[in-house]
Structure formats: C-alpha cells, structure tokens
Amino acid sequence: MRNECSIVRDILPLYIEDMVSDDTASFVEEHLKSCPECQKELAKQKAATEIEIVSKETVLTHQEEAAPLRTLKRKLRRKQIISMVLSFIVATVFIGGGVFILFSWGVPAGSENFKIETEIQYSETGYLNQNFAIHITQMYDEPLSVSVKDVYRTDENGKYVYDEYGHKITVGYEITVREIPFGNDPNNFTMGYEYDGETAPSDDFDFTFTVKFKDTVVVYSVAEEGLFIPQSGVSQ
C-alpha cells in the first residue's frame with residue numbers, strides 16, 4: 001500500500017492538471033477512496049495550485065492595470081525630453097543673439113566719451129557749392145557702431161507729407177551711437193548733407209541731424225550751422 005501511495009503522489013500533479021490517461025485517472029481515484037493520507041495530499045496540492053493560479057492572475061491583472069500608467073509615463077518622459085531640447089535651443093538662440101548684438105550691433109553709448117564736430121565743406125554741386133558734415137569720434141579710440149534712420153516731414157495730424165513725385169520728404173537724420181566692446185571697427189563716424197537746389201531754399205527750410213546717446217540727445221540744424229550762408233575759409 002505504501003508503494004501505491006508513492007506512485008499516486010507522484011502522479012497527483014499531472015492528475016490535478018488533467019494530464020493523465022483515463023486508466024491512470026481511474027487508478028488514482030480508486031486509491032484515493034481508501035487512502036486518507038493521499039486525499040490530504042491531493043487537497044494540499046490543489047490548494048497550492050489554486051494559489052499559484054490566483055497569483056499569476058493577479059500579476060497579469062496588475063500588469064494590465066499598469067500598462068496605461070507606463071504609457072502615460074513614457075509620454076510624459078518624451079514631453080520632458082522635447083521640452084528640455086526646446087529650452088536648450090531657445091536658450092542657445094537667445095544667448096547667441098545677445099552675443100551677436102553685443103559684439104556686432106553694440107551697446108548704447110554715453111556722451112561723455114564722445115566728441116562731435118561740425119563743419120561746412122566745399123562741394124562742386126548744390127547751392128553756394130557747400131555741404132554740411134558732422135563728425136562723431138570716440139575719444140579713447142574704442143570702436144563704435146551707429147545706426148541712421150531717416151526723419152520724414154509730417155503734417156499737423158502726424159501723417160507723412162509727400163513731394164510731387166509721391167516720395168516722402170526727408171527733413172533729417174536720426175543717428176544712434178553705440179559702443180562695441182571688442183572689434184576692429186573705426187572709432188569715428190562722418191555723415192554729410194548737401195542741399196540739391198540750384199537756388200536759395202525758403203526761409204523756413206531746414207534739415208536736422210539728431211544724435212542720440214543713452215544719456216542725452218543733441219540736435220544740429222544745417223540752417224543754424226550756416227549752410228546757406230556764404231562761408232570764408234571753406235576747404236576746397
């Protein structure tokens with residue numbers, strides 16, 4: 001009987017999984033009817049098998065429940081990476097743009113480091129054969145940068161006034177002065193104006209040069225500078 005018990009107990013795992021022949025199943029069942037010990041072993045192995053099945057089902061259930069969370073985490077991680085890359089690109093562009101502006105465009109200059117000179121020069125054309133010139137010099141021989149913008153005549157409503165050809169009438173230049181920390185740019189800037197009429201302009205005619213520094217604005221009038229007055233000693 002003991003040998004039969006050993007045989008049955010070896011077969012029980014296959015019997016529980018229904019993986020034995022009909023004859024073997026009948027043999028096990030006949031033995032179980034008269035053997036309490038093997039009945040207990042059968043119950044024990046069935047309980048262990050059920051626990052294992054439940055454990056596997058639980059793992060699968062948790063995996064199924066965790067799948068959307070893992071997908072969400074992957075999406076969030078992908079968004080974080082994209083955000084970091086975009087932030088790096090924006091920072092690089094911003095810093096690069098700042099460096100470009102600093103070294104190419106310059107920074108607003110203070111007037112204390114600059115000297116401005118004006119003069120009436122000889123010209124082969126224009127009224128009285130004269131023109132006006134303005135010279136801006138960085139006194140410590142540091143490079144400078146300037147931007148020049150046309151100033152147009154406007155009416156009492158602030159609208160542009162046009163000439164007979166449909167062009168806006170220029171009545172001055174606005175010069176913004178900047179300093180460049182490093183570079184080989186010159187330390188001086190010269191600009192001129194030549195009246196292109198063949199006769200004297202009207203009494204109210206004027207053309208201005210507005211020089212802008214970070215701490216002050218200086219305006220030069222070509223009429224007040226004497227452009228339309230015959231000059232003596234003008235270089236020719």
Side-chain angles (χ1 to χ4, degrees), residues 1-110 112-113 138 140-149 174 176-187 212-215:
M1 185 69 176
R2 181 59 59 184
N3 289 337
E4 187 173 306
C5 287
S6 299
I7 295 172
V8 169
R9 291 184 184 184
D10 289 339
I11 299 173
L12 281 179
L14 297 176
Y15 173 79
I16 293 171
E17 296 292 337
D18 196 19
M19 297 177 62
V20 295
S21 65
D22 293 340
D23 292 340
T24 301
S26 298
F27 167 73
V28 172
E29 290 167 357
E30 286 296 326
H31 176 80
L32 289 173
K33 290 179 182 179
S34 59
C35 183
E37 295 294 328
C38 287
Q39 291 176 8
K40 291 180 181 179
E41 182 64 23
L42 174 64
K44 180 180 177 181
Q45 291 193 23
K46 276 187 175 182
T49 302
E50 290 175 356
I51 291 174
E52 183 178 354
I53 293 173
V54 170
S55 177
K56 288 182 179 180
E57 290 178 350
T58 302
V59 171
L60 290 174
T61 301
H62 287 171
Q63 289 177 344
E64 292 172 356
E65 292 176 350
L69 182 58
R70 288 196 297 271
T71 302
L72 178 60
K73 286 182 177 179
R74 284 196 295 269
K75 290 182 178 179
L76 290 175
R77 190 178 300 113
R78 191 179 300 115
K79 288 183 178 180
Q80 289 175 343
I81 294 172
I82 293 174
S83 177
M84 290 173 61
V85 171
L86 291 177
S87 298
F88 175 77
I89 293 173
V90 170
T92 302
V93 171
F94 181 79
I95 295 173
V99 172
F100 174 80
I101 291 173
L102 179 62
F103 290 97
S104 300
W105 188 247
V107 295
E112 69 277 3
N113 297 331
Q138 215 288 350
Y140 299 102
D141 200 28
E142 298 293 337
L144 64 84
S145 171
V146 301
S147 60
V148 180
K149 182 174 68 174
E174 183 181 279
T176 301
V177 184
R178 300 179 179 86
E179 291 178 303
I180 302 176
F182 304 99
N184 298 319
D185 296 69
N187 73 322
K212 300 178 68 175
F213 296 95
K214 69 179 181 181
D215 56 346

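- Taking the salt bridge (Lys or Arg N to Asp or Glu O under 4.0 Å) definition, one finds that K214 meets it with nothing, sequence neighbours left out.
- For the side chain to side chain contact (heavy atoms under 4.5 Å, CB included) test, no residue two or more places apart in sequence or in another chain qualifies with D22.
- With sequence neighbours left out, the ring pair (Phe, Tyr, Trp, His ring centres under 6.0 Å) criterion links F27 to no other residue.
- Taking every heavy atom of both residues into account, S147 and R178 meet most closely at OG-NH1, 3.1 Å.
- The shortest distance between side-chain heavy atoms of H31 and C5 falls below 4.5 Å.
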Should E41 and C35 be marked as a side-chain contact (heavy atoms from CB on, under 4.5 Å) after you check the CA-CA gap, both sets of side-chain angles, and the distance that decides it? CA-CA 10 Å; E41 182 64 23; C35 183; over 6 Å; no

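- Applying the side-chain hydrogen bond (donor to acceptor under 3.5 Å, both in side chains) test to S26 and every residue at least two apart in sequence or in another chain returns nothing.
- Scanning for side-chain hydrogen bond (donor to acceptor under 3.5 Å, both in side chains) contacts around D141 gives N187, with sequence neighbours left out.
- The shortest non-hydrogen separation linking L144 to Q138 is CD2-N, 4.0 Å.
- Remark: E30 pairs with K33 by the salt bridge (Lys or Arg N to Asp or Glu O under 4.0 Å) rule, at least two apart or across chains.
- In this structure, the side-chain hydrogen bond (donor to acceptor under 3.5 Å, both in side chains) partners of D215, at least two apart in sequence or on a different chain, are S111.
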